[in-house]
K.L.:
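What follows is a single structure, and I will ask about it in a moment.
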Amino acid sequence: MQMLHQMREAGHAPELLTYGNVMSACARNGRVSTVLSLLDDVRADGLTPNAFCYNAAVLSCAKARRWRQALSLMREMGQVGGVDPTVHTYKAVMRACASAEQSRHVMQLLRQMERNNLTPTAVHYGIAVDACGRSGELKRMMNLLSEAQVTGCP
């Protein structure tokens with residue numbers, strides 16, 4: 001954050017890469033408000049947020065257990081931002097939903113990945129299995145385990 005401030009004082013507009021790196025660092029440290037503010041700053045500086053910026057924002061929301069906001073950012077990413085969600089986006093949003101026992105959303109996200117030609121990994125299936133287990137959906141959990149094994153997910 002100090003670096004961004006110093007750049008502005010020196011008359012230099014931060015580039016998208018700079019914003020993305022600062023957002024990522026803040027997301028890892030659980031500074032969700034800062035990350036969301038930086039996402040607004042990116043737009044205010046006339047830049048278009050890329051997947052890296054959006055993923056940092058989604059991750060920060062996921063870490064803060066703001067699953068609704070993580071889902072909303074993912075939708076915005078695709079619809080408004082024109083940036084396709086990545087496997088990392090899905091992983092973060094699925095984790096946020098799973099921690100809130102939102103297994104229905106986790107399953108929708110898993111299927112949405114497939115429709116968008118993204119291959120779910122063992123991590124994605126693991127999150128879905130965990131969400132189903134937390135919700136007491138044992139049959140669905142067993143079906144997911146079988147599906148992951150049959151597809152040979154990476």
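Only this structure's heavy atoms are used, side chains among them; waters, hydrogens and symmetry mates stay out.
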K.L.:
Working to the nearest 0.5 Å, report the span between CG of Leu4 and OG1 of Thr34.
P.N.:
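Reported value, rounded in 0.5 Å steps: 11.0 Å.
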K.L.:
Looking at Gln149, I'd like to know if its CD atom is crowded, meaning that more than 12 non-hydrogen atoms belonging to other residues, nucleotides or ligands lie closer than 6.0 Å.
P.N.:
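Atom CD in Gln149 is not packed in, count stays at 12 or less.
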K.L.:
Just by modelled atom types, is the Leu17 backbone N or O under 3.5 Å from a matching donor or acceptor in the Asn21 side chain?
P.N.:
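The answer is yes, because a donor-acceptor pair under 3.5 Å joins these two groups.
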K.L.:
Hey, are the side chains of Arg140 and Leu145 touching, using non-hydrogen atoms and a 4.5 Å cut-off?
P.N.:
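The answer is no, as the side chains (C-beta and beyond) never meet within the 4.5 Å cut-off.
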K.L.:
Cluster question for you: counting only ILVMFWY and a side-chain heavy-atom cut-off of under 4.5 Å, with indirect links fine, are Val93 and Phe52 together?
P.N.:
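Different clusters: Val93 never reaches Phe52 through Ile, Leu, Val, Met, Phe, Trp or Tyr contacts under 4.5 Å.
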K.L.:
Which pair of non-hydrogen atoms, one from Pro85 and one from Met77, has the smallest distance, and what is that distance?
P.N.:
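The answer is CA-CE, 3.7 Å.
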K.L.:
Rounded to the nearest 0.5 Å, what separation is found between the CG atom of Leu118 and the CD atom of Glu114?
P.N.:
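The CD atom of Glu114 is 10.0 Å from CG of Leu118, to the nearest 0.5 Å.
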K.L.:
Which is it for Gln2 and Met7 under the side chain to side chain contact (heavy atoms under 4.5 Å, CB included) test, yes or no, and what are the steps along the way?
P.N.:
CA-CA 9 Å; Gln2 184 178 0; Met7 286 179 75; over 6 Å; no
K.L.:
What pair of heavy atoms forms the shortest contact from Ala57 to Leu36, and how long is it?
P.N.:
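Closest approach of Ala57 to Leu36: CB-CD2, 4.2 Å.
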K.L.:
In Å and rounded to the nearest 0.5 Å, what is the CG to OG1 distance from Leu47 to Thr18?
P.N.:
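Answer for the CG-OG1 pair, Leu47 versus Thr18, is 9.5 Å.
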K.L.:
Side chain of Thr89, backbone of Thr86: donor and acceptor closer than 3.5 Å?
P.N.:
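A pair under 3.5 Å: yes.
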K.L.:
Is Leu59 linked to Leu38 within one hydrophobic cluster, defined over Ile, Leu, Val, Met, Phe, Trp and Tyr using a side-chain heavy-atom separation of less than 4.5 Å?
P.N.:
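The answer is no; the residues belong to distinct hydrophobic clusters.
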K.L.:
Given 3.5 Å as the limit, does a donor-acceptor pair link the side chain of Ser135 with the main chain of Cys132, or not?
P.N.:
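Flag not set: sc Ser135 to bb Cys132 has no pair under 3.5 Å.
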K.L.:
In Å and rounded to the nearest 0.5 Å, what is the CG to SG distance from Leu109 to Cys97?
P.N.:
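The CG atom of Leu109 sits 5.5 Å away from the SG atom of Cys97.
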K.L.:
Please report the shortest heavy-atom distance between Ile127 and Arg95, naming the atom on each side.
P.N.:
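Scanning both residues completely, I find the closest heavy atoms to be CD1-CG, 3.4 Å.
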K.L.:
Would you compute the distance between atom CE of Met107 and atom CD of Gln112 and round it to the nearest 0.5 angstrom?
P.N.:
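Atom-to-atom, Met107:CE and Gln112:CD are 13.0 Å apart.
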K.L.:
Indicate yes or no: at least one non-hydrogen side-chain atom of Arg43 is less than 4.5 angstrom from one of Asp40.
P.N.:
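Side chain of Arg43 against side chain of Asp40, heavy atoms only: contact under 4.5 Å found.
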K.L.:
When you look at Leu110 and Tyr90, which way does the side chain to side chain contact (heavy atoms under 4.5 Å, CB included) test go after all the steps?
P.N.:
CA-CA 8 Å; Leu110 186 67; Tyr90 280 97; over 6 Å; no
K.L.:
Pair Arg8, Asp41 - check side chain to side chain contact (heavy atoms under 4.5 Å, CB included), show working.
P.N.:
CA-CA 12 Å; Arg8 286 191 181 106; Asp41 290 349; 4.1 Å; yes
K.L.:
When rounded to the nearest 0.5 angstrom, what is the spacing between OH in Tyr19 and CG in Asp45?
P.N.:
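One gets 3.5 Å once the value is rounded to the nearest 0.5 Å.
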K.L.:
Donor-acceptor pairs are to be reported for all side-chain atoms of residues 23-33 against protein atoms at under 3.5 Å, with residues two or more places apart or in another chain.
P.N.:
unit_1	atom_1	unit_2	atom_2	d
Ser24	OG	Arg28	NH1	2.8
Asn29	ND2	Ala25	O	3.0

K.L.:
Indicate if Leu138 and Tyr125 have the same hydrophobic cluster label, given that clusters are the connected sets of ILVMFWY residues with side-chain heavy-atom separations under 4.5 angstrom.
P.N.:
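Leu138 and Tyr125: one cluster.
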K.L.:
Thinking salt bridges, do Arg65 and Glu101 make one under a 4.0 Å N-O criterion?
P.N.:
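Here Arg65 does not pair with Glu101 in a salt bridge, since their nearest N and O are not under 4.0 Å apart.
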K.L.:
If we only count heavy atoms from C-beta on, is the Leu144 to Glu147 side-chain gap below 4.5 Å?
P.N.:
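Answer yes - side chains close enough.
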K.L.:
Evaluate the side-chain proximity of Leu39 to Leu73: yes if any heavy-atom separation is below 4.5 Å, no if none is.
P.N.:
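When only atoms from C-beta onward are counted, Leu39 and Leu73 do touch, with a gap below 4.5 Å.
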K.L.:
Of all the heavy-atom pairs spanning Cys53 and Pro49, show the shortest one and how long it is.
P.N.:
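Scanning both residues, the minimum pair turns out to be CB-CB, 4.1 Å.
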K.L.:
Work out which heavy atom in Ala70 is nearest to a heavy atom in Ala62; give both atom names and the distance.
P.N.:
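Scanning both residues, the minimum pair turns out to be CB-N, 4.5 Å.
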K.L.:
Search all heavy atoms of Val106 against all heavy atoms of Ala128 and return the closest pair with its distance.
P.N.:
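Taking Val106 first and Ala128 second, the nearest heavy atoms are CG1-CA, 3.5 Å.
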K.L.:
Is it true that a side-chain atom of His124 and a backbone atom of Thr121 form a donor plus acceptor pair closer than 3.5 Å?
P.N.:
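Yes, because the side chain of His124 sits within donor-acceptor range (under 3.5 Å) of the backbone of Thr121.
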K.L.:
So Tyr54 and Met74, side chain to side chain contact (heavy atoms under 4.5 Å, CB included) or not? Walk me through it.
P.N.:
CA-CA 8 Å; Tyr54 273 111; Met74 187 172 150; over 6 Å; no
